[in-house]
Amino acid sequence: MSENPMRVCVYPGSFDPFTVGHHDVLEHAVAMFDLVYVSVLNNGMKHPVFSVDERVDMIQRMVDLEGIQKVVVSHFDGLLVEYARSVGASCIIRGLRATMDFEYEFQINALNRHLAPDVDTVYFMASPEHSFLSSSAIREIGVLGGSIQGLVPESIENIIAERLRKS
Ligand code: ADP
């Protein structure tokens, strides 16, 4: 484990866009850690709808408007474990929805542990009411002009809806 006396973690993701499921995981991470990096993965998706800058700005806006403390919004590319080490994080945070995330996370965890045995991954189970929710579902609904109310944080719902309608 890291020598850093502060409990620092990185919550990485595509966040294209950030959903209430992501928000739920973030709340749990904030309650457990001294500092949480919400970090947008730069090279994660081939054709994201939102640019990395848009995603970072959107999440920062939500953090500011909701007054969420102990969060740094950032982006990164390259190896996640290297990024975690570079910001002094001893933990990675991921969310698990039913079984659909498990096999992927199981494999990534094994690789990360091989690369960086000192960096642990902590998993939060999705709340039952969010276990069906994905960024891709929101993109599909939003692009078709459907309501995304209740699926994304209220503080950024309008920007996400407007941006999806235009794409
Ligand atoms: P990635 O492309 O890295 O999987 P995502 O933005 O899809 O990025 O998700 C980031 C993290 O949040 C992942 O660990 C994912 O399993 C988790 N997650 C996604 N949707 C939900 C949800 N509805 N509830 C809880 N966790 C979720």
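Ligands are counted one by one from 1 in listed order, and the atoms in each one are counted from 1 as well.
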Q: Return the residue, atom name and 0.1 Å-rounded distance of the protein heavy atom closest to atom 15 (C) of ligand 1.
A: G95 O, 3.7 Å
Q: If you count heavy atoms of other groups shown closer than 6.0 angstrom to CD of E154, is the number above 12?
A: no
Q: Counting only heavy atoms from other residues, nucleotides and ligands, does the tally under 6.0 Å from CZ of R61 exceed 12?
A: no
Q: Between R139 and D16, does a salt bridge (charged side-chain N to carboxylate O under 4.0 Å, His left out) hold up when you go through it step by step?
A: CA-CA 8 Å; R139 291 196 301 272; D16 188 49; 3.5 Å; yes
Q: Quick one: does NZ or CZ of R163 land under 6.0 Å from the six-membered ring centre of F50, within 45 degrees of the ring axis?
A: yes
Q: Does the plane of the ring in Y83 sit parallel, tilted or perpendicular to the ring in F76? Use 30° and 60° as the thresholds.
A: parallel
Q: Do any N/O atoms on V25 end up under 3.5 angstrom from N/O atoms on ligand 1?
A: no
Q: Does one side chain, of D64 or Q60, offer a donor that lies under 3.5 Å from an acceptor on the other?
A: yes
Q: Got an N/O contact under 3.5 Å between H22 and ligand 1?
A: yes
Q: Using a 4.0 Å cut-off to any heavy atom of F15, which atoms of ligand 1 qualify?
A: 6 (O)
Q: Determine, considering heavy atoms only, which of R97, R94, R55 sits nearest to atom 4 (O) of ligand 1.
A: R94
Q: Check whether the side chains of T19 and S135 place a donor and an acceptor atom closer than 3.5 Å, and report yes or no.
A: no
Q: Are any of the N or O atoms of Y11 closer than 3.5 Å to those of ligand 1?
A: yes
Q: Within ligand 1, which atoms have a heavy atom of G21 less than 4.0 Å away?
A: 22 (C), 23 (N), 24 (N), 25 (C)
Q: May I ask you to check whether H130 has an N/O atom sitting below 3.5 Å from an N/O atom of ligand 1?
A: yes
Q: Where does the angle between the aromatic ring planes of F15 and Y11 fall among parallel (under 30°), tilted (30 to 60°) and perpendicular (over 60°)?
A: perpendicular
Q: With a heavy-atom distance limit of 4.0 Å, tell me whether D101 approaches ligand 1 through its side chain, its backbone, both, or neither.
A: side chain
Q: Can you tell which of S127, S14, G13 gets a heavy atom nearest to atom 2 (O) of ligand 1?
A: S14
Q: Can you sort out which atoms of ligand 1 are near E105, meaning under 4.0 Å from one of its heavy atoms?
A: 14 (O)
Q: May I ask you to check if ligand 1 and A126 share an N or O to N or O distance below 3.5 Å?
A: no
